[in-house]
Amino acid sequence: MSTKDLLDMALRNLLKRKLRTFLTVLGVVIGTASIVVMVSIGIGMNESFARQLESWGSLQVIDVYSPNGDGGRYMPDDDAAKDAKKNGKKVKLDAVAVESFRQMAGVEAVSPIKNLYLMLGSGKYVADANIIGLDPAAMEALGYKIEKGRALNGEDVKSIVVGGGVEFYDPKLNWEMRMNSEPPQLELVGDKVEVSYDWSYGSKYADKTIKSNKFEVVGTMSADGSNGWSVIMPIKELEKIEKAQQEWEKKRNGSSGGRGQKQQSHEYEQVMVKVIDIKNVQAVQQQIKDMGYRATSLSDELDAMKETTKMLRMVLGAIGAISLVVAAIGITNTMVMAIYERTREIGIMKVIGASLRDIKLLFLTEAAFIGFAGGILGIGVSFVTSKLVNFVAMQQGSDMSSSIPIWLYIGSIAFATVIGVLSGYLPAQRAMKLSALSAIKTE
């Protein structure tokens, strides 16, 4: 029997009993849609977690710290610090370390990070903000998202990027008046702003001996996210400002203090490492830890969130699988009933020369058609259901969502077809074993 004849006969047999076939296919549709929707909700939860964490920063960025803590003044309570203290090894987070990170396989960009709280001035308005110093060439790669203008590049020196959450105010107003007035809406991109470590900058108490630094604002960041209240500056320029601040404090206080000692150590507070592929983040992070440094990333948080919801996703998948098991029982029942009703037909097929293999393939093909048709219709139902779930979640402001990747669509069709074939295997075996003479005599 040719493949074409086999397919034609299988379809004709199914269409002879339209109601029974429809009900059996409907069971597969419900089972397929159930498992796809349940799995898609679990995938949607993971994607929601990823979006939430990406608003805090890039999932491909690793934050590296010295195991010696803040300039060696305290020992943090983690494995890297304990190992460093136990083995007596001195691991420095310096330029040599930065270069070693840059040479690692899979690393896209590396930049040391420095933080300093300073004052900004634009015309008659001032603002206080956290200034982040980094390698300007690595800014865009490290995940800092620009809302207007552009990011810093390797050619920038006296340039900065300001977060949308940095609020300017008139220093002549008292605190109460400042709280009751709307912050000014300044067009900062292209403007020159003053940067100073004088906390009285812009007021009548300003220290005239402190020289401010002028920077051009080349871009702004969104107020949302962890960097919305910060200002990005080339790290070399920030180090110059910090050095000037330390010299000013030394003249005023007569000693350099801890900040000066930290500067002399030439160690960085933090280094950010951008990995090309998110799949390699954990491997690179572990490699950095093995070198004796402390390393953390948002991928750690994402893995923890996924682990927390793992049991819930397993339960959702199991609920869908139960529906598909019930559908499989329905396919088996349909095929068994078909054998009882077509016993004489099977006997005639054997007498006229149909092989046992042809009879077996005929019933397996019918079962596969039921599974395949149920899978196709099931993904259509699951698509509509997924959209409905997302609409309801959006209306209620919930983070729960449903996401169906293409592999889940293809996998569900293949799985439903395989379930159909497996469900029809025992009935097909039964059809093969029927005696031709006894089958023909059956009324």
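Atom CZ of Phe383 has 12 or fewer neighbouring heavy atoms from other residues, nucleotides or ligands inside a 6.0 Å radius. More than 12 heavy atoms of other shown residues, nucleotides or ligands fall within 6.0 angstrom of atom OH in Tyr144. Counting non-hydrogen atoms of neighbouring residues, nucleotides and ligands closer than 6.0 angstrom, the CZ atom of Phe369 exceeds 12 such neighbours.
The distance from the OH atom of Tyr268 to the OG atom of Ser66 is 13.5 Å, given to the nearest 0.5 Å. Between the CZ atom in Phe22 and the CZ atom in Arg20 there is a gap of 15.0 Å [rounded to 0.5 Å].
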Assess whether side chain to side chain contact (heavy atoms under 4.5 Å, CB included) is satisfied between Val271 and Val110, documenting all intermediate values. CA-CA 7 Å; Val271 172; Val110 180; 3.6 Å; yes
Would you sort out whether Val64 and Ile62 count as a side chain to side chain contact (heavy atoms under 4.5 Å, CB included), showing the intermediate values? CA-CA 6 Å; Val64 185; Ile62 302 170; 4.2 Å; yes
Going through the distances and angles, do Leu426 and Thr332 end up as a side chain to side chain contact (heavy atoms under 4.5 Å, CB included)? CA-CA 8 Å; Leu426 290 178; Thr332 303; 5.6 Å; no
Evaluate side-chain hydrogen bond (donor to acceptor under 3.5 Å, both in side chains) for Ser40 paired with Ser403, printing each intermediate quantity in order. CA-CA 5 Å; Ser40 72; Ser403 175; over 6 Å; no
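A salt bridge between Lys114 and Glu242 is present, with a side-chain N of the basic residue lying under 4.0 Å from a carboxylate O of the acidic one. With respect to Glu237 and Lys158, a salt bridge is recorded, a charged nitrogen being found less than 4.0 Å from a carboxylate O. No salt bridge links Asp8 with Arg12; every basic N to acidic carboxylate O contact stays at or beyond 4.0 Å.
In this structure, the side chain of Lys18 engages the main chain of Leu15 through a donor-acceptor pair within 3.5 Å. Remark: side-chain polar atoms of Ser111 are paired, donor with acceptor, to backbone N or O of Asp135 under 3.5 angstrom. Counting only distance, with no hydrogens or angles, the side chain of Gln60 and the backbone of Val275 share a donor-acceptor pair below 3.5 Å. Side chain of Lys274 to backbone of Ala141: a donor-acceptor contact under 3.5 angstrom is found. Proximity of a side-chain donor or acceptor of Thr365 to a complementary backbone N or O of Ala10 within less than 3.5 Å is not detected. Counting only distance, with no hydrogens or angles, the side chain of Asn280 and the backbone of Gly106 share no donor-acceptor pair below 3.5 Å. Distance alone, capped at 3.5 Å, is enough to place a donor-acceptor pair between the Tyr293 side chain and the Lys92 backbone. A side-chain donor-acceptor contact under 3.5 Å links Asn153 to the backbone of Asp156.
Checking Leu377, Thr417, Val418 one by one against Phe372, the side chain to side chain contact (heavy atoms under 4.5 Å, CB included) holds for a single residue, Thr417. Checking Ile132, Ile113, Leu118 one by one against Leu238, the side chain to side chain contact (heavy atoms under 4.5 Å, CB included) holds for a single residue, Leu118.
Under the 4.5 Å side-chain criterion, counting only non-hydrogen atoms from C-beta, Ile131 is not in contact with Tyr197. Lys360 has its side chain within reach of Tyr425: a pair of non-hydrogen atoms, C-beta onward, lies under 4.5 Å apart.
Side-chain contact of Ser412 with Thr32: a donor-acceptor pair under 3.5 Å is absent, judged by distance alone. A donor-acceptor contact under 3.5 angstrom links the side chains of Ser297 and Gln285, judged on distance only. Between Gln103 and Glu99, the side chains place a donor N or O and an acceptor N or O closer than 3.5 Å (distance only, hydrogens not considered).
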